[in-house]
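Okay, structure first, notes after.
Note that ligands are numbered from 1 as they come in the structure, with each ligand's atoms numbered from 1 the same way.
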Amino acid sequence: LMLLAALAAPPEFNYDEAEVPDYTLPDVLGDADSPEDWPGRRAEIVRLFEQHVYGVAPPAPEKVTFETRSKTVDAGDGREVEWRTVTITNQTPSGPFTHEVEVFLPAGASAKKPVGSFALIRYTPRSKDPIAPDEPERGYCPWGPITAAGYAVAVVYVDDVAPDDKTRFDSKLLKAYGMDGERPLDGCGALAAWGWAASRFVDYCEQAEDLDAGRVAVLGHSRAGKAAWWAGVRDDRFSIVISNNSGCGGAALSRRRFGETVARINSSFPHWFCPQFDAYNGNEDALPIDQHMLAAAVAPRAVYVASAAEDAWADPRGEFLSLVEANPAFELFGDPALRPEDRPEVGGTVVRGRRGSHLRPGGHGLERFDWDRYLEFAAAYWGEEIK
Ligand code: GTR
């Protein structure tokens, strides 16, 4: 499959490890050398990514309100699950702006026993591929097994926030904030706008009695994985940040130029990043950051990288190396180092302190195998037992 992909790809794409250029990564810690220094360094890293990669997202709304409607659905194993649609209304400079999240909650969730949750960023329009109340084992969102493990899952639809379309991505949220049209160099791209929407789900958890705002993991697949990787850094209320096959502009190191490159992603998806990111097309060594600094900026929270063995376009090795290169930040907090040779075999998992990773057999996707690993990692990190 790798060979086929290599043959099919135009020759400028490299799929040969031997052809990865030598590179030097920017330093993670800067002047920081203690946990006390870290928040300052973290803020610098966030600012660099806003300026050079993702752009500046709108601020958190001054006021946000929620309306919910619920149904009880059958998880297929005799359990009842609450299917709750949350309509989120944000007060913006141009008036109310609404978007929706769908949450599946285990029956035991209550004010006395609030549950942890997974915020799943979903870019496919709901109308095209709705999450169905009669499909508890749905591939990308198996809400049956997730709720059986005692967690909620929230599908954060972002098509109504920033459509995944270069001509319309700014027609909703960014328009509401007067950020549509010609963008400054650090103008907000679609990925950052999607992350903004995921943060509104944490706002909801902060006031919903049956969801624990201290235990929210953020994830997404592929382009939504890139959005989750950045959202989880910006908003430190997320407890666990998960990259599922996020590749270029997500977990993968840009300087490796393996599979998808900065130049390629900017030409295919000019609306995902800020205009300044174009300056690094074919010029990755000039980036003042690389994607490992996002893994680092999650510290001292938990971060997880999931790759798929046949997903060469996303550079599975480069995704794992981001976790490794985040060592200095995690070591500040007493975590053990992760080494390149700790990279899991196909089908394997590695967990070191607050960092975890697996290499799923097969290609690009968010599958049950991935979810089972996330449930295990979350339970271990949150100090719980899987029910
Ligand atoms: C591809 C893109 C990747 C990844 C993927 C996806 O076309 O090159 O960066 O985002 O789409 O989202 O499935």
Side-chain angles (χ1 to χ4, degrees), residues 1-2 4-6 8-15 49 53-55 120-126 128-129 138-141 155-159 161-169 189-195 197-198 218-232 241-274 277-278 280-282 284 287 290-291 294 305-322 360 362-367 369-371:
L1 255 179
M2 294 258 291
L4 274 180
E12 71 260 34
F13 303 125
N14 176 42
Y15 286 108
F49 277 93
V53 185
Y54 302 105
L120 173 66
I121 302 176
R122 178 92 179 136
Y123 57 86
T124 309
R126 178 165 34 183
K128 279 202 182 146
D129 183 17
R138 187 62 192 273
Y140 69 87
C141 182
V155 186
V156 179
Y157 289 100
V158 292
D159 179 61
V161 174
D164 189 11
D165 178 321
K166 66 179 175 206
T167 62
R168 292 187 309 119
F169 76 102
L191 300 177
W194 297 352
V218 63
L219 78 158
H221 168 58
S222 200
R223 63 196 72 187
K226 307 178 206 292
W229 193 242
W230 173 231
V241 182
I242 300 171
S243 151
N244 192 89
N245 305 184
S246 65
C248 181
L253 291 172
S254 300
R255 280 171 174 75
R256 279 173 47 81
R257 305 151 174 96
F258 187 101
E260 189 170 31
T261 60
V262 172
R264 172 60 191 245
I265 206 166
N266 277 328
S267 80
S268 323
F269 307 104
H271 59 297
W272 285 358
F273 301 93
C274 69
F277 198 40
D278 272 338
Y280 309 104
N281 294 342
E284 291 83 350
L287 277 162
D290 208 318
Q291 301 303 111
L294 291 182
V305 169
S307 302
E310 287 163 23
D311 188 16
W313 185 239
D315 186 12
R317 182 186 297 272
E319 292 178 320
F320 180 72
L321 288 175
S322 270
R360 176 175 49 72
H364 197 60
L366 171 53
E367 300 180 5
F369 179 101
D370 303 302
W371 273 109

Under 3.5 Å, side chain of [X] to main-chain N/O of [Y], donor-acceptor pair present?
| X | Y | answer |
| --- | --- | --- |
| Asn244 | Gly225 | no |
| Arg257 | Arg255 | yes |
| Ser246 | Ala251 | yes |
| Ser268 | Ile265 | no |

> Are Phe277 and Trp272 side-chain neighbours, meaning at least one heavy-atom pair lies under 4.5 Å?
Replying inline: no

Between ligand 1 and the protein, which N/O pairs are shorter than 3.5 Å?
| residue | atom | partner | partner atom | Å |
| --- | --- | --- | --- | --- |
| ligand 1 | 8 (O) | Glu260 | OE1 | 3.1 |
| ligand 1 | 8 (O) | Glu260 | OE2 | 2.5 |
| ligand 1 | 8 (O) | Trp313 | NE1 | 2.9 |
| ligand 1 | 9 (O) | Lys226 | NZ | 2.8 |
| ligand 1 | 9 (O) | Glu260 | OE1 | 2.5 |
| ligand 1 | 9 (O) | Glu260 | OE2 | 3.4 |
| ligand 1 | 10 (O) | Ser222 | OG | 3.2 |
| ligand 1 | 10 (O) | Arg223 | N | 3.4 |
| ligand 1 | 11 (O) | Arg223 | NH2 | 2.9 |
| ligand 1 | 12 (O) | Ser222 | OG | 2.7 |
| ligand 1 | 12 (O) | Arg223 | N | 3.1 |
| ligand 1 | 12 (O) | Arg223 | NE | 2.5 |
| ligand 1 | 12 (O) | Arg223 | NH2 | 3.2 |
| ligand 1 | 13 (O) | Ser222 | OG | 2.8 |
| ligand 1 | 13 (O) | His364 | NE2 | 3.3 |

>> Between Asp129 and Arg138, does any side-chain N to carboxylate O distance fall below 4.0 Å?
In response: yes

